[in-house]
Undergrad: 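My structure is below; once you've seen it, I'll send some questions.
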Amino acid sequence: MRSKRAFALIYALLASVSFLAFFAAITYQVRGTLQTVRQSEDLVKARSIASLGNEVFFQLLKTQPADWVSSLPLTFSNEPGPDYFRGLPADAALRESLSYEKLGGYFKVELVDARTVSGMDLPPGGTYIISTCTAKVNDRQTTLNERSRLVLKLGNPYINNLAVSTGRVVLRDAAFLSGPIFVNKNEDGTDGHLDFVAHHPIGSVLNSGTTGAVKWTVSLDGEFQTQGDIRIVNNEPDGTSTVMHTFPVGSLAVGEEVTVPPTLEVRHPRGIGGVRAVGPVKFRPRRPFALQLNDSNDLFEQLESAQGTRVIDLDTLGSGVLSNGLMVEFEEDQVVIATVARRFQGRIYDLSLWLALLRLNDPLDTHSSGLLDTVNGDQVARGSFALKECRWDDPAYPNAPYPAELINDCRNLDVTGDGVGDFTGESLPVEGDFFDAYSLERGTVLQTIPLNRSDFTALKFETSKAEYVSFQPERPGEAPPPDLWAAPIFVRGTVKGKVSLAYELKGPPAEQAHWNRNTPLNRFCVLSDPGQSGVPGGVTLADQRVQLDPTEEDTLSEDMCLFITNGMVTGTGMPIRLYREICGTVLPSGEISATDFSQRRDVYAARLPQGSEMRDVVERALTDVFMEPVRFQAASMASDNGSGLTGIAFNGRLIGSSLDPDYPFMVNGISAQQMEWIDLQTLFPGSVYSPDHDQMLSEGYVIIPRLMREASSANHSYFLTEGAHGMVQDGRRTRRYANGEHRYDYRWRQLDADTLKQDLGLQVVPILIERRGL
Amino acid sequence: MNGTRGLSLLETIVALFILTTTVWSAGLLYVGLMRGAQTGEARRHALSTAETALQVWREKGKEPWPEDFGLEPIEGVYHDYVYRVEIGDPLRNPTFNASVPGSPEYLDVRVLSITLLYDEENRPKEIVLHGSLAK
């Protein structure tokens, strides 16, 4: 009986084991396999939600003043609890959109100072933060390696980058460029490309129907991030563009030059596009980033609330200031704010005398002189027009005999070098048009404000002069005349310390934005001639050791200067407009200012074709008269606030040698209208030419007759000047940069968020630098 | 003699039953494993495809958004899977201020939902993923 019970027990046990195995198999089938899949699915879902949470968080951050910086580390989550949508505004609709019921999971964002995170390769200075988002779906949480990470820089895009564009950026010839440059999407949402345009109009000597090309090179040393490609583009005569070359990422090594072949058989000369790397170039095409700035109203509001900002209301300074402008001069370590006084300098005469001297009465004769040996029929017509402009001969201007000493100077010119005047027997004009010339000087001193190198001194000028509001245009696009513009603020001197100058035109936003789109009505004008008080022309830094290389040690100049305006920063003192009708209508008073050219030392070395007989004659003649050559180049930087947004101009070193105080350039006004450079080019090939109105003058020496020089200038709204270190940008339109050295002063990038916000009153926004992880 | 006699009928039946049950369990286990693997593979493949589709649509989000973008679900076929894309309503900017020019009314991000349909043992199944669609 005992053995039977044992048998039954063993077999019952075995049977139980078998059944257990059976049910275990079924259980495994039903749950085991699915669990693995579910875990994988949960992870995928969690990763997607982490990415979503981080993106939404970043978008919310962008809508906020960066006050949250002081409260780092910051956490933000859609999971009910202490971090539930903490720190950032999130209305009920937004919370509902991001709820667990909608997403099926929770996310949690943590914002930390990037300096506290190991392994981050960040530039020195500045404020960087990292937004890290983890997510959880059905208890499956993303791991450290599965996080979504956004690297953000807290800064002001306008001054933290050489260029920030929401559209295509065009770089023309002969530029030396350093970063960082950001090119975002175009307004239509397409990728913004960074283009080097191979069409090279400057110095073009090819005639229609001929073939050939002009080689140009852009030298790069910097950082470029675009959402489009980095390309070399050839502009077609019909206005279309052909992509000649697209740079793969990291394809350009130090010292390498990439050149594309020219396309021949052109009606207009084209360039052989060349890009040369002179240093480490970081190309990052199609790299996502985002930026956002609020409008100027916010900026000025912040500026007024910034620590220590001095607000100066021009409307309270008297009618003289409103009509003539305000003078701001940097003198020693202080800023002198004064009224503007005009000092009569003399008369500016037309150029008939010189035209006769140079035998340029008839443009068709210029072929025999060699001066215009490349022109075609169209250009002759333009040349004729230019000559007419030079002769002036405008009944709107008074007529007067030329001064005897001027006529004598001309007659006694010794071109041949034989010690005898070569034009003594010439029949020269004896009278011509003229206008009175004035210089702008410091008037009554209103305030004196000390500067220092440890902190920024923020000055905010404002006016609500509103005459332009009542302006009724007679034709579409017509801008208010200058006498309805706001008072200009003239600036010059050597900055010793850190200073921020802001100029706000207050008024009904709609009207202001409308007019400012085409004609900025308020403007800083940098005077390029020295003041009678001894303040040098231009705006320079006392210590000009700016940091032009990101790897340089930050032991350089403590001087910095920032211009902020919802109008324009421009220059005056260098030549202004070609056309005579502009000359008398620049300042609100309706008068212009200029130094007497009889006291001037301006000299123009010829840049006529080598070997040209006329070049030799002109050089010798003009050198005899004017003593020495001087570089002719654009005078200033400018910011076009075309969008009605904030126009910010800044510079580590505002001026180039064109504003060298050794050269007492004429003071004159700036017109917002653009000139036809082609006329100048036709008359003096090799000097300037811009069918697009967006080219700067070539660097080097050009010959330009006296009046033409005095009355010629570009509208610098869309480009940099030579020698400018820093950047002016609109940020909402295609940018074109040409001719010159455009290097970024990296000290601006190193300003931390507190300095930007509290000292400079600038908006501080998160700029998405990089996405890491998901 | 008692200890040397053969298995009784009952013992034989029980032994056969145990053997059968064991073999059956082993077979069931094998089949279960195979089916589980196939089911999991199908779902994993669908999941991977859905994730890829999500990434594709996130990239598409960087293109210009048509005015009617997201008003209606978008259906299509991706890698032999039928899928449906739903783009959530624009996320209103909680700090929007109409009196401030340039103030964005909506955030530049929307919730993107991908629903991918697939067969699991001839039964219709779906996978839903949520992600971001940012300009």
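Letters A, B, ... are given to chains in the order of the sequence lines, protein chains preceding strands, and every chain is numbered from 1. Fair warning: this is a prediction, and the values are worked out from it, not measured in the lab.
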Undergrad: Rounded to the nearest 0.5 Å, what separation is found between the CD atom of Q59(A) and the CG atom of N93(B)?
TA: 9.5 Å
Undergrad: First locate atom CD of E96(A), then atom CG of D89(B), and finally report the distance between them rounded to the nearest 0.5 Å.
TA: 11.0 Å
Undergrad: Have R58(B) and S51(A) got a donor and an acceptor in their side chains that come within less than 3.5 Å?
TA: yes
Undergrad: Enter the distance from L43(A):CG to E51(B):CD here, rounded to the nearest 0.5 Å.
TA: 8.0 Å
Undergrad: So, for E55(A) and V109(B), which heavy atoms are closest and what is the spacing to 0.1 Å?
TA: CG-CG2, 3.8 Å
Undergrad: Just verifying a value: how many Å separate L129(B) CG and L103(A) CG, rounded to the nearest 0.5 Å?
TA: 11.5 Å
Undergrad: Step by step, work out the side chain to side chain contact (heavy atoms under 4.5 Å, CB included) result for L98(A) and V111(B).
TA: CA-CA 8 Å; L98(A) 302 176; V111(B) 177; 4.2 Å; yes
Undergrad: Checking H130(B) side chain against S48(A) main chain: does a donor-acceptor pair fall under 3.5 Å?
TA: no
Undergrad: Taking only residues two or more places apart in sequence, or in another chain, which ones meet Y118(B) in a ring-ring contact (aromatic ring centres under 6.0 Å, His included)?
TA: none
Undergrad: Below 4.5 Å from any heavy atom of chain B, which atoms of A93(A) appear? Answer side chain, backbone, both or neither.
TA: neither
Undergrad: Look up atom CG in L94(A) and atom CG in L107(B), then write down how far apart they are to the nearest 0.5 Å.
TA: 6.5 Å
Undergrad: With sequence neighbours excluded, what pairs up with N54(A) under the side-chain hydrogen bond (donor to acceptor under 3.5 Å, both in side chains) test?
TA: S131(A), S148(A)
